Amino acid sequence: MSDERILHHGRVTDRHGAGVGNALVYVVQGTASTPEIAVKCDAAGHFRLALPPGHFRIEARSMAGAIGATEFEASRDDERIAIILDE
Amino acid sequence: MQIASVSKPVAPKNTETGAVAMASKPAPAVTERVLADEGDAKGATLSDAAKRRLVIGKSQTPIVPPPDSGLETVLFADERTRIVSTDQQPWKLICALEIDAPWGQFVGTGWFAGPRTVITAGHCVFDKKQMGGWADKITLTPGRDRERKPFNSFTSERFSSINAWIERQDPDYDVAAIHLDQDVFPAAEVFRVGALPDAELRDYLINVSGYPASPGGGTELYWAKNRIRAVEPRRIYYDVDTSGGQSGGPAYIYPDENSRPIVVGIHAYGVGGTPVSMNLRVNSAPRIIPEVVTQIQAWLAGPGN
C-alpha cells in the first residue's frame with residue numbers, strides 16, 4: 001500500500017485578501033481517502049494540506065465562525081489552495 | 001498479521017528507545033474479545049439525559065435520515081448534536097486534541113482507555129506527509145466545552161502507534177496512544193475496547209463523538225448515532241455524521257444501559273475512504289480487532305500505567 005498524498009500549500013483570506021490567522025481547514029468531500037483531521041493555519045492564514053490525486057471540496061472556518069470553501073483538483077504537483085471566507 | 005508497537009523516540013531524539021514488540025500470543029480465530037472490565041460499572045453510570053440520547057443495544061431497523069445537507073462526510077442533513085454536559089459519562093472521557101507538529105498545528109479527538117492512556121488515530125500522532133513525522137506535543141482536554149475545561153488540560157510528548165501505520169500508513173491500522181504522566185479517571189470509568197465478530201457487530205446501534213473543526217472550532221463536543229452499516233475484517237462502516245477534527249474519536253456501542261461503553265472502531269475517514277465497490281455513502285473507522293485489543297492492553301500496562 002502506498003501513500004500517494006502530495007503536500008499542497010494554501011492560504012485562507014477574507015474577502016479583502018487579508019490572511020485569516022488560526023483558521024481551521026478540513027476536507028468535507030473527496031474522491032479519495034483523506035483522514036478527518038483539521039489543519040490550523042498560521043498567523044497569516046497559510047496552511048499545508050496533504051492530498052492524494054483527486055477532486056476535493058475543502059472548507060475553512062475562522063475562530064469567529066466564518067466559513068469558506070473551494071473545489072480543488074489535486075494532481076501530483078504542489079498546487080496552491082485558496083479559500084476565501086464569507087463575511 | 002503480526003503487529004508491533006512503535007513509540008516516538010524520546011530524548012535524545014535520534015535514539016530508538018521505545019519500540020516494544022507486541023506479545024506473540026496468536027490472535028483468536030474468532031474475533032471476539034473485550035478488554036477485561038475492571039471493577040463494577042457504577043463509576044460509569046449514565047445520567048437519565050445521557051440514557052435518552054445515546055443509542056443502546058441492537059436494532060433491525062435503520063434510523064431514517066432527513067434530507068441531504070450537501071456535505072459528504074455529513075450524510076444527508078447534519079444530525080450531530082452538541083453535548084454541553086461534558087462532565088458526565090461518557091462525554092467526559094472524550095478529549096479535544098491540539099496537536100503541535102514539525103509542519104504546523106492540527107485538531108483531532110481522543111478518548112480514555114486507561115487512567116492515563118488516551119487512544120486516538122495514528123495520523124493524530126504521526127504523519128510523515130502531513131505533519132512532518134511525529135507530533136512534538138499534544139495538549140488534550142477531556143470533556144472540553146468551549147473555554148470550560150472541567151478536568152483541566154494535559155500535555156504529552158509521549159506517543160505510540162503500530163508499525164503498520166508508522167511504516168506504510170496502512171489505514172486499517174491507523175491507531176495510536178497518547179501516554180500521560182498522571183491518572184485522570186479511574187480504570188472502572190474509562191471506555192472498554194472490544195473486538196466483536198461480524199454477526200455480533202452488524203445490527204448494533206453505534207455512537208460516534210468528537211471535536212470537529214466545524215461546528216465548534218475543535219472546542220465543542222458533538223455526538224451522532226445510527227446503525228453499523230457494514231463490517232470488513234479491518235474496517236467498520238456507519239452512516240453517522242462526522243467531519244474534520246473528529247479523527248481519533250470513539251465509535252462505540254452499549255450492550256445495555258447499565259454496561260460501560262465498548263469502543264469497536266476509531267473514527268478516521270469520511271466517505272472518500274469507503275471503497276466505491278461497496279456502493280454505500282458511509283464514513284468509516286479502523287476496526288478494533290484482537291491484535292489491536294492486545295496492543296492497547298500492552299499500552300495500558302506500559303511504563304506509567
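Order of the sequence lines sets the chain letters (A, B, ...), proteins ahead of strands, with each chain counted from 1. Predicted model, so just to flag it, every value in this text is computed and none were measured.
- In this structure, A/Ile67 and B/Ser214 have side chains that are in contact, with non-hydrogen atoms separated by less than 4.5 Å.
- B/Ser243 and A/Glu36 share no side-chain donor-acceptor pair at under 3.5 Å.
- In this structure, chain A has a heavy atom under 4.5 Å from the side chain of B/Ile99, while its backbone stays farther away.
- Going from atom NZ of B/Lys128 over to atom CZ of A/Arg5 covers 10.0 Å, rounded to the nearest 0.5 Å.
- Residue contact with chain B, scored on non-hydrogen atoms closer than 4.5 Å, involves the side chain of A/Arg61 exclusively.
- With hydrogens and angles disregarded, no donor-acceptor distance shorter than 3.5 Å links the side chain of B/Lys129 to the backbone of A/Ala50.
- Annotation: A/Ile84, atom CD1; neighbour count of heavy atoms from other residues, nucleotides and ligands within 6.0 Å does not exceed 12.
- With chain A as partner, the option from B/Cys124, B/Gly216, B/Gly210 having the largest number of non-hydrogen pairs under 4.5 angstrom is B/Gly216.
- With chain B as partner, the option from A/Ala32, A/Ser62, A/Gly54 having the largest number of non-hydrogen pairs under 4.5 angstrom is A/Ala32.
- Rounded to the nearest 0.5 angstrom, A/Leu7 CG and B/Met131 CE are separated by 12.5 Å.
- Among the candidates B/Gly245, B/Ser284, B/Ala121, B/Gly248, the residue making the largest number of heavy-atom pairs closer than 4.5 Å to chain A is B/Gly245.
- Ranked by heavy-atom pairs under 4.5 Å with chain B, the list A/Leu49, A/Asn22, A/Asp42 is led by A/Leu49.
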Let me see the working for A/Ile37 and B/Asp127 under side-chain contact (heavy atoms from CB on, under 4.5 Å), right down to the final yes or no.
CA-CA 11 Å; A/Ile37 196 168; B/Asp127 192 331; over 6 Å; no

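- The two residues A/Ala38 and B/Ala213 come nearest to each other via the heavy atoms CB-CB, 3.7 Å.
- With hydrogens and angles ignored, the 3.5 Å screen pairs a side-chain donor or acceptor of B/Gln130 with a backbone N or O of A/Arg48.
- Atom CZ of B/Arg148 is surrounded by more than 12 heavy atoms from other residues, nucleotides or ligands within 6.0 Å.
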Determine whether B/Asp100 and A/Lys40 satisfy the following criterion, salt bridge (Lys or Arg N to Asp or Glu O under 4.0 Å), listing intermediate values before the conclusion.
CA-CA 10 Å; B/Asp100 286 297; A/Lys40 194 172 192 178; over 6 Å; no

